[in-house]
Amino acid sequence: MIQDDHIKQLLERYINDLSTEEERLQLLDIIDSRPEVDWYALLAPAFTEAGADKGFTPEKWQPVLDTILKYPPVEKKTRVVPLFRRWWSVAAMLAILLGAGWWFYRSGNTKVTPPVLAMADIPPGSNRAVLTLANGQEITLDSAHGNIVQHGNFKVNNDSGMLNYEGKANVAEYHTLSTPRGGQYKLQLPDGTNVWLNAASSISYPTAFTGRKRDVAITGEVYFEVAKDPGKPFNVQVNQMNITVLGTHFNINAYSDEPDAKTTLLEGAVKVSAGNQMKILAPGQQAQLEKNNTLSVIENVNVEDIIAWKNGYTVFENADIRTIMRQVSRWYNVDVVFEGNIPQRQFAGGISRKSSLAELLKVLEFANVNFVVEGKKIVVKP
């Protein structure tokens with residue numbers, strides 16, 4: 001009989017991201033084969049100890065552990081999604097049982113129901129984009145590779161989901177890079193600035209920054225790591241906002257269907273302007289422009305959650321189901337319809353962006369969210 005101390009050791013190694021694949025599977029096999037064990041009493045102390053210095057309180061991990069132990073395990077998979085090393089990484093046990101990620105909700109009612117889902121699966125998004133040249137020519141990047149544009153020493157290269165510019169253009173022309181729903185792409189601008197485009201986003205920019213400023217315009221959600229050039233400020237125009245920087249890392253989320261346009265600073269400093277309003281951001285702050293054009297600053301936002309999409313994850317903190325499904329719609333290229341009175345519960349959690357739509361919906365169904373999938377339309381029901 002395997003001793004309880006050994007089980008605790010396996011769990012602690014997994015929580016701290018030290019376990020091997022064999023150890024992870026062994027832990028799952030032990031749980032499966034010993035239904036007589038009071039797993040709650042055994043595992044709760046490990047969760048408590050692991051989360052003590054990370055703010056992962058019992059109110060946060062108990063629904064996760066309840067979900068793990070209350071229902072029969074689903075099909076085991078050898079792939080376990082890596083989770084960020086933050087307070088919620090202790091919920092990684094759920095990743096073993098679900099094979100896709102984890103999710104739980106904060107609510108007065110922590111009742112969960114087993115997932116019931118039968119659907120034709122829809123794969124996640126991928127590296128897909130279209131480059132529009134100054135003459136209107138469109139180049140589909142997921143089918144065109146190598147040097148896709150060349151004028152003398154000036155080249156536009158496309159390879160492995162990244163577009164970059166080499167050499168100096170004799171004439172500055174404007175290009176536009178656009179991603180569809182279900183697409184993402186990386187771009188290196190002529191000045192060396194790195195840009196990540198989320199699904200249903202775009203950026204317009206010159207092939208050479210010849211003036212006193214580096215001006216670009218975006219839609220959707222874009223993450224920037226701006227190359228330093230003190231003599232040429234970098235300006236981003238989005239909706240009614242203008243963001244000015246010299247060299248910094250920041251994320252802009254300005255989808256038209258979101259309630260606010262948000263600029264979040266990770267490193268450096270940015271000036272955000274909207275009409276006669278102006279805010280200077282420090283790292284960890286977020287500027288929000290509401291639909292009524294009111295500009296405000298939010299302190300101490302969780303920047304890791306905000307740029308999780310760029311790092312391969314979909315992550316939410318205190319988000320309602322409508323917020324979640326807007327991201328689902330963009331990443332999986334599906335339409336979402338809500339029927340009836342949908343409860344306003346708050347969710348927190350995350351899942352790999354490599355997970356299929358079925359995997360994501362199965363995780364959400366553990367939290368009593370009901371779906372009907374009709375082709376590429378998802379109906380959310382109470």
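Owing to the predicted nature of the structure, the values given are computational and were not obtained by experimental measurement.
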task: Please name the pair of heavy atoms, one in V334 and one in S329, separated by the smallest distance, quoted to 0.1 Å.
output: O-OG, 2.6 Å
- prompt: If you measure from the Lys or Arg side-chain nitrogens to the Asp or Glu carboxylate oxygens, is any gap between K232 and D215 under 4.0 Å?
  reply: no
message: With a 4.5 Å cut-off on side-chain heavy atoms, are Q327 and F316 touching?
response: yes
message: Whether the side chain of N158 engages the backbone of A144 through a donor-acceptor N/O pair (distance < 3.5 Å, no angle test) should be reported.
response: yes
- request: Verify, without hydrogens or angle tests, whether T176 (side chain) and S204 (backbone) share a donor-acceptor contact under 3.5 angstrom.
  value: no
Side-chain (Q237) to main-chain (M241) donor-acceptor, under 3.5 angstrom: yes
message: Any side-chain to backbone donor/acceptor pair from T179 onto N198? Under 3.5 Å, distance only.
response: yes
query: Does a side chain donor of either S273 or N242 reach within less than 3.5 Å of an acceptor in the other side chain?
result: no
- request: Before accepting this row, confirm whether a basic side-chain N of the pair D320/R326 lies closer than 4.0 Å to the acidic partner's carboxylate O.
  value: no
- prompt: So H175 and Y165, would you call those rings parallel, tilted or perpendicular, with 30° and 60° as cut-offs?
  reply: tilted
D191 with R214: basic N within carboxylate O range, under 4.0 Å: yes
query: Between F234 and F224, does the ring centre distance come in under 6.0 Å?
result: yes
query: Is the closest side-chain donor-acceptor distance between Q184 and W196 under 3.5 Å?
result: no
task: Kindly confirm or rule out a cation-pi arrangement of R330 over Y255, judged by NZ or CZ under 6.0 Å from the six-membered ring centre and within 45° of its axis?
output: yes
query: With a cut-off of under 6.0 Å to the ring centre and 45° to the axis, is R353 in cation-pi contact with Y313?
result: no
